[in-house]
Amino acid sequence: MKKYQILSLLLFIGVSVTAQFSQKQIPYAYTALEPFIDGQTMEIHYSKHHAAYVKNLNAAIVGTEAEKMAVKEIFANVSEFSPAIRNNAGGHYNHELFWSILTPEKNTKPSPELEKAINEAFGSMDVLKEKLNAAAATRFGSGWAWLYVDSDKKIAISSTPNQDNPLMNIAESKGTPVLGIDVWEHAYYLKYQNKRTDYLAAIWNIINWNEVSKNYKAAIKGTFED
Ligand code: MN3
């Protein structure tokens, strides 16, 4: 009987743990993106800010419907949930995407399909960068700028406040993000202070176009994974 109880407890703990959200490892060193993003900023951003969103998300979902949901399901129903769930689920997902679309690798390129979509939507890569930077620079306070695929499978640009994103049912511009730029001061302040535009100019040196291309392909097919 005792043995059975212990086994049940272990099983319960196991199930509870798998229902919790957790951070993936960043696939490069904190210092790998220097000089464009400094190591101290990366370390604090990942191990303090992102970690706090995950911890607070796991606490906020306890006893709610969100406990049984994947993060995208939470976003699709986010208007039903507390601000704590909205902010921390966004904070978790947005940062996972952000780490994955940055790289120390030089000269990654968009796939031919993504390049074609960019040229059709914006005319050129330079115009895309200008427009995304403008969306990021004019976001008042804290938030994100997005390249996303809309419901017509067209590529588009938007920005959202706080930790919102285009997957949320409350977003003004809805779709699947393929590239997100964090414009919270915690993303750049140590190196760039108040010069958000300098950070935005620098970030194009470390965008992982291989990963953005994968996200684009999956978004077009409607199979974008977390
Ligand atoms: Mn951040």
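The residues of the chain are indexed from 1 along the displayed sequence. Just follow the structure's listing: the first ligand is 1, and inside any ligand the first atom is 1.
Residue contact annotation: H50 places no N/O/S atom under 2.8 Å from the Mn ion (ligand 1). At a threshold of 2.8 Å, the Mn ion (ligand 1) has a backbone or side-chain N, O or S atom of H95 nearer than that distance.
With the Mn ion (ligand 1) as the vertex, atom NE2 of H186 and atom NE2 of H45 span an angle of 90° (nearest 10 degrees).
Side-chain atoms of S79 and N169 form a donor-acceptor pair, as typed in the model, at a separation below 3.5 Å.
When you scan the N, O or S atoms of D182 for the one nearest the Mn ion (ligand 1), you land on OD2.
Ring-plane geometry between Y46 and W99 is classed as perpendicular, the angle between the planes exceeding 60 degrees on a 0 to 90 degree scale with a lower cut at 30.
Here the options are H45, K24, H50, the test is side-chain hydrogen bond (donor to acceptor under 3.5 Å, both in side chains), and the partner is H95; only H45 passes.
Ion pairing between a basic and an acidic side chain is recognised when a charged N comes within 4.0 Å of a carboxylate O; E211 and K214 show such pairing.
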